[in-house]
Amino acid sequence: MTNDNNLVQFLRHYGPIPAADNMYDELIQSEIEHHGIDPAIHITPARLKEVQENFELEHPRNVILTGTAGDGKTFHCRQIWTAFSGDVKLWEEGKKTVSLPLPASGKTLVIVKDLSELTHSEKVGILDDLAVSLRDQNSDIIYLVAANDGQLLASWRDRAESQGSKEQNTFKTVEDMLVEDRATDETLNLLLYNLSRLDASEHFQELIEQIVEHPLWSNCNGCELFESDGTTTCPIRINRERMRTNGDGIVFRKRLGELMQLARANRMHIPIRDLLLLGVNILLGDRQHGRTLLTCRTAKNRAEKEDYRLTNPYANVFGMNIPEHQRQQYQVFNVLEAFGIGRETDNKFDNLLIYGSYSDSKLYLDFVSKDAYYGAAAYERYLRDYLEGERENIEEFMRALSRQRQRLFFSIPENDALDPWRLTVYRASGEFLEFVDALKHERDLSRVSEALVRGLNRTFCGMMIDDGTKLYVASSGGDGRGRIASILNYDLPTTRHRRDPYLKFALGGDGTTPCMQVVDPASDSNSVVDSLTLQLTHFEYLIRVAGGSLPASFSRQCNEDFLDFKLRLITRLDDLIGEEPSKGEVNLQALTVDEHGRAHHDNVRIKVGS
C-alpha cells in the first residue's frame with residue numbers, strides 16, 4: 001500500500017497553494033506541531049546574532065528590520081521575543097505590538113511585528129515614540145520594528161512633512177541609511193538592517209539540503225513504490241534524488257544557485273519565503289489540470305500511468321505546473337522566467353534535440369536517452385510526430401522541446417561541446433560568473449576585461465575599435481550623445497599607473513557584482529574619480545557589442561547608462577586634469593579607426609579670431 005508521509009503533507013504548506021498558509025509564520029508553527037516535523041525546516045535568521053547581542057547591552061540601540069514580504073522580518077522578531085523569555089502564547093495571540101523588559105539595560109523593548117499592519121493613527125504613535133528614542137539614548141523604551149521598505153519610508157515621510165526640521169532630518173537620515181545600505185549613523189541610536197540585501201543562493205542551498213535530507217523521508221519505507229534496494233517509481237522520490245548532491249543534484253543545485261547569484265547581480269531579489277516555495281515546487285509540482293502539488297496518493301497515480309511529464313522538476317523550477325495568472329503572483333517565478341530558459345533557441349542544442357537520435361549522437365545518448373523519466377520517454381513521441389510531418393500537435397511538440405531545453409540547462413555539466421548559458425537570454429552569464437570569481441580571488445582577468453573595454457570603446461565612440469587595453473573617452477560636441485564620437489577627450493590605461501588616471505575593475509559592496517572604476521593614483525588615497533556598477537544586463541551588453549552585435553532587447557537603456565557615465569567622467573576628468581585653453585587657439589584630437597580596428601588620434605589646432 002501507499003504510505004502517506006507527513007513530511008509531504010507538511011511541505012505542501014510551503015508551496016504555491018491557494019490557501020497561502022505559507023504566508024504566515026504563525027500558521028507554519030502550528031503545522032510543524034500538527035505533523036510532528038522534527039527537526040523543523042528553517043533558515044538561521046541572518047541578523048539574529050547581531051540583534052540579540054545589541055539588546056543584551058547595557059546601552060542598546062533601536063533596531064529596524066526592513067525588506068520585502070517573505071524576507072523573515074517577523075521570524076527575526078519572534079526569535080528575539082523567545083530569546084528574552086517572552087511568553088509564546090502571548091505572541092500567538094496576534095497582537096500587533098508586544099513588549100518585555102531587557103535585563104541588562106532595564107529598558108522596555110517594544111516589538112512591532114509588522115508596521116504595515118497598524119492603522120494610520122497607530123503608525124503615527126509608534127513613529128512619534130520611535131523618533132524620540134532614536135535621538136535620545138537615555139530613553140526608557142527601545143524598539144524592534146519590522147517594516148516593508150516602501151511602507152516605512154512612505155509612513156515616515158508623511159509624518160515628517162507635517163513636523164519641524166528636526167523630524168525631517170531624522171527621516172532623511174533613515175532614508176539615506178536605507179539607500180546607502182548603512183546599518184548605523186552617528187546621529188541616531190539605531191541599527192538598520194535590510195534583509196533584502198542577503199544572498200539568496202546561500203539560503204537556497206541550506207533550505208534544499210534540509211528538505212531533501214530530512215529524516216522523515218524514512219516514513220516512505222514500506223511504501224509499495226519504494227523498493228528495498230532504494231529504487232523507486234515515485235515521482236516525489238525521483239525528484240528528491242534529482243536535488244541531492246550525491247548524483248545529478250550536484251549540477252542541478254549548482255546551476256540554481258548560479259541563477260540566484262545572477263539575479264542578485266541584476267537587482268532582482270528573491271525572498272526567503274519564495275526560496276522555500278521554489279524548493280517545494282521542484283519536488284512536488286504537478287501539471288495535471290486542477291492540481292498544483294503532488295500528494296502521496298497522486299504520486300502513486302502518476303507512477304502507475306508512467307505520466308512523469310506532469311511532474312517534471314526542471315519545468316517546475318519556472319512554475320510551469322501553475323496557471324500563468326497565478327504564477328505571476330510569485331516573485332521567484334518572475335525572476336527565473338526573466339532568464340528565458342526554454343524559450344531561447346540555440347542551434348547546437350536544437351540540432352542535438354531534433355536530429356540527435358537519428359545521427360547516433362553520443363551527446364544525445366548521454367544527455368537525453370539515459371534519462372528514463374524526463375528525457376527521451378517524455379519527449380520522443382512528440383519529436384517523431386513532428387519529423388513525420390504531423391502538424392496538428394505542433395504546439396505540444398514546442399512545449400516538449402522547451403522542457404528538454406530546461407532539463408538540459410539544469411543537468412548538462414560544464415563541457416566544451418555545449419554551453420548551458422547559450423539557453424538563456426544572458427548568454428555571457430558564464431563569463432560573468434567567471435569574472436566575479438576572478439575578482440574575488442585576484443586571478444587573471446585580462447581575457448574578459450579586454451572584451452569589456454572593447455565593448456566600452458565601441459559604445460563611447462560609435463566606431464568598431466578592437467583595442468581592449470586602453471579606454472577611449474570621446475565626444476561629438478554638443479551634449480556628447482552623438483552616434484559617432486570622434487573628438488578624443490582622454491585615453492585611459494587599463495593597468496595601474498603611477499601618475500595618470502586609469503580604469504580598473506573591482507567587486508561592488510555586495511560582493512557579487514563587478515564595477516568599473518576610474519582611479520586617480522595621484523590623490524592621497526587613490527580616490528575613485530567615478531564608477532559604474534556592471535549589472536548582468538550591462539555586462540551582457542558589453543560582451544555582445546565587443547563580439548560585433550547589438551542586443552536590441554535591452555540595448556537602448558544600457559547605451560544610455562554608459563553614455564551618462566562617459567559624460568560624467570569627462571566632466572570630472574576636466575576638473576581633475578583638464579588643460580586651460582590656449583589664447584587664440586583650440587587644440588583637439590581627432591579619433592579615427594583603420595580597417596584593422598586600430599584607433600588613431602591626430603592633433604588638430606584651430607585658430608580663433610582675436
Distance in Å, I322 CD1 paired with Q328 CD, rounded so as to fall on 0.5 Å steps
11.5 Å
Looking at side-chain heavy atoms only, is the closest gap between F565 and L569 below 4.5 Å?
yes
List the residues meeting salt bridge (Lys or Arg N to Asp or Glu O under 4.0 Å) with R568, not counting sequence neighbours, and say none if there are none.
D530
What's the verdict on side-chain contact (heavy atoms from CB on, under 4.5 Å) for E209 and Q205, showing C-alpha distance, side-chain angles and the deciding distance?
CA-CA 6 Å; E209 187 69 12; Q205 298 299 342; over 6 Å; no
Salt-bridge contact K96-E122 (side-chain N to carboxylate O under 4.0 Å):
yes
Could you go through the ring-ring contact (aromatic ring centres under 6.0 Å, His included) check for Y14 and F10 one step at a time?
CA-CA 8 Å; Y14 281 123; F10 169 72; 5.3 Å; yes
Measure centre to centre between the rings of H538 and F562, then say whether the value is under 6.0 Å.
yes
Do D136 and N189 have a side chain donor and acceptor closer than 3.5 Å?
no
Quick check on side-chain contact (heavy atoms from CB on, under 4.5 Å): which of Q261, E258, R253 does S201 satisfy it with?
Q261
Let me know which of D71, L152, V145 forms a side-chain contact (heavy atoms from CB on, under 4.5 Å) with T66.
L152
Is there a side-chain contact between F409 and Q406 in this structure, where contact means two heavy atoms from C-beta onward sitting under 4.5 Å apart?
no
Please determine whether ring-ring contact (aromatic ring centres under 6.0 Å, His included) holds for the pair F539 and Y426, giving the CA-CA distance in whole Å, both sets of side-chain angles, and the decisive distance to 0.1 Å.
CA-CA 9 Å; F539 187 94; Y426 303 102; over 10 Å; no
